[in-house]
Number of protein chains: 2
Amino acid sequence: MEGLRDRTRRAVRAELAGRALELFAERGFDETTVDDIARAAGMSKRSFFRYFPTKEDVVFGEIETMGEQVAQEIAARPPQEEPWQCLHAVLRGWESRINAQADAMRLVESTPALRTRLLQKRDEARTRIIQALADRGMPPLEADLAAAAAGAALDAVAREWLRTGGSIDRLTLVDRAFTMLRPAFLG
Amino acid sequence: MEGLRDRTRRAVRAELAGRALELFAERGFDETTVDDIARAAGMSKRSFFRYFPTKEDVVFGEIETMGEQVAQEIAARPPQEEPWQCLHAVLRGWESRINAQADAMRLVESTPALRTRLLQKRDEARTRIIQALADRGMPPLEADLAAAAAGAALDAVAREWLRTGGSIDRLTLVDRAFTMLRPAFLG
DNA sequence: GCCATCTGTGGCACTCGGTGTCATATTTGG
DNA sequence: CCAAATATGACACCGAGTGCCACAGATGGC
């Protein structure tokens with residue numbers, strides 16, 4: 001079970017993240033120092049780094065373990081399901097979750113340092129996904145291509161959604177992108 | 001024409017890059033300070049930053065303006081050529097150029113900070129490529145997908161090449177990956 | 001209630017990447 | 001030969017991140 005220890009730790013992390021996002025929204029990411037955040041949450045800079053490894057990470061709360069989670073969800077799917085179909089189904093769920101924190105994503109997109117960190121996270125996630133697909137028996141080269149293409153699909157959807165001013169349902173766009181790429185992964 | 005000014009500047013950059021790579025090979029990237037590099041090239045840390053914006057950039061000499069160059073090469077292709085075919089042709093050429101500095105790439109792959117910087121560069125390049133494809137009349141969503149898929153192809157090829165221990169010709173792998181993805185971009 | 005222990009914390013000093021400033025060579029052009 | 005542009009070095013400075021240590025508070029056994 002989850003002990004008191006972990007619960008307070010999660011609470012402090014949430015407090016820090018909350019204060020940080022407030023300050024970022026007010027002054028911007030670069031204009032806010034770690035010391036500012038720590039003081040706003042009533043602690044020292046040194047303690048901040050006991051909860052988050054870097055200043056950037058304070059923004060990526062839930063997305064943090066995305067790679068691991070996606071890999072598990074892939075592994076949990078029926079084994080005979082087509083790999084591309086499987087990816088489609090799993091990432092469809094994630095689209096909603098990412099969509100839920102649109103404001104955080106806007107901040108990320110407008111801040112080079114955060115954008116970079118996001119690229120890193122995605123790269124890690126992609127690596128895990130490749131492994132998960134390989135575990136289902138997909139040949140390595142195809143697994144690489146499929147994982148990257150799927151990531152590209154989500155990315156393209158996000159941009160297309162911005163381009164159209166949010167007038168189209170994101171899940172519809174996801175389905176369209178995956179369908180478009182489907183012919184490449186039929187066997 | 002190219003004045004003396006630019007030539008000496010290029011020479012100093014080359015000198016710095018050379019010394020830096022030596023030191024990185026000896027001690028590793030993180031264990032080498034910018035001051036070490038500057039001193040090895042007979043100058044001050046302050047001057048180093050007059051030639052390279054960051055410590056990482058000293059490694060990416062020729063790749064630096066990749067995005068811009070690729071975009072231009074795309075624009076220079078016959079206008080009626082199929083977009084995917086066009087991408088294939090252009091990036092086929094780049095594969096050779098990247099392949100030529102395999103040792104630098106090995107350093108990059110084994111150094112998180114450099115790997116991150118590479119991800120950034122690729123992201124910039126992708127943005128330019130999307131624009132170049134859009135200029136040819138490709139619909140935005142498809143251009144996004146195509147650019148990302150093409151990048152994925154080169155990436156997948158690099159990894160597959162490592163997996164097979166370099167026994168297969170890289171250009172062959174590139175062709176295979178592009179052919180595999182081709183059905184997704186036919187119309 | 002007492003003591004040993006473990007964990008969280010603050011403070012401090014330190015490293016290193018990166019920037020602004022200024023004073024001083026060095027080069028360039030007339 | 002002189003004046004303006006440019007390159008450089010030295011210095012101070014900032015902020016992210018780390019190692020260290022001393023101290024507080026909670027925990028648990030006796």
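Heavy atoms only: backbone and side chains are in, while hydrogens, waters and symmetry mates are out. Source: prediction; values computed, not measured. Per chain, numbering begins at 1; letters A, B, ... match sequence-line order.
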- Sequence neighbours excluded, which residues qualify as side-chain contact (heavy atoms from CB on, under 4.5 Å) partners of A:Ala158? A:Arg170
- Rounded to whole Å, CD1 of A:Ile37 lies from P of D:dG15 at a distance of 12 Å
- Task: Under the side-chain contact (heavy atoms from CB on, under 4.5 Å) rule, collect the residues that match up with B:Thr33, sequence neighbours excluded.
- Result: B:Asp35, B:Asp36
- Can you find a heavy atom in the side chain of A:Trp84 that is under 4.5 Å from one in the side chain of A:Leu186? no
- Message: Whether B:Lys55 engages the ring of B:Phe29 as a cation-pi pair (distance to the six-membered ring centre under 6.0 angstrom, angle to the ring normal within 45°) should be assessed.
- Response: yes
- Same cluster (ILVMFWY, side-chain, under 4.5 Å), B:Met43 and B:Val58: yes
- Query: Roughly how many Å is it from CZ in B:Arg9 to C1' in D:dT6, rounded to a whole number?
  - Reply: 12 Å
- Message: Please give me every residue in residues 108-123 of chain A whose heavy atoms get under 4.0 Å of an atom in DNA chain C, ordered by residue number.
- Response: none
- Message: Between P on C:dT26 and CE on B:Met43, what's the gap in Å once rounded to a whole number?
- Response: 14 Å
- Task: Would you indicate which nucleotide in C:dG10, C:dG8, D:dG9 comes nearest to any side-chain atom of B:Ser47?
- Result: D:dG9
- Could you tell me whether B:Thr32 contacts a base, only the sugar-phosphate backbone, or nothing, with contacts defined as non-hydrogen atoms closer than 4.0 Å? sugar-phosphate
- B:Asp30 has an atom CG; how far is it from atom C1' of C:dG17, in whole Å? 12 Å
- Task: Would you classify A:Arg39 as touching base, sugar-phosphate or nothing, given that sugar-phosphate means primed atoms plus P, OP1 and OP2, and contacts are heavy atoms under 4.0 Å?
- Result: sugar-phosphate
- For nucleotides 17-26 of chain D, 5' to 3', base contacts (B), sugar-phosphate-only contacts (S) and non-contacts (-) with protein non-hydrogen atoms under 4.0 Å give BBBB------
- Message: Show me the pairs that pass ring-ring contact (aromatic ring centres under 6.0 Å, His included) and involve residues 104-149 of chain A, at least two apart or across chains.
- Response: none
- Message: Distance check needed: D:dG15 C1' versus A:Leu23 CG, whole Å only.
- Response: 16 Å
- Message: Looking at B:Lys121 and B:Asp57, is any side-chain nitrogen of the basic one under 4.0 Å from a carboxylate oxygen of the acidic one?
- Response: yes
- Query: Less than 4.5 Å apart, any side-chain heavy atom of A:Gln69 and any of A:Trp94?
  - Reply: yes
- Item | A:Tyr51 vs C:dT9: side-chain N/O to OP1/OP2 distance below 4.0 Å | yes
- Task: Applying side-chain contact (heavy atoms from CB on, under 4.5 Å), name anything that partners A:Arg128, two or more places apart in sequence or on another chain.
- Result: A:Glu68, A:Ala71
- Task: Check the distance between D:dT6's C1' and B:Arg7's CZ and give it to me in whole angstrom.
- Result: 17 Å
- Integer-rounded Å distance: C:dC16 P and B:Phe29 CZ: 13 Å
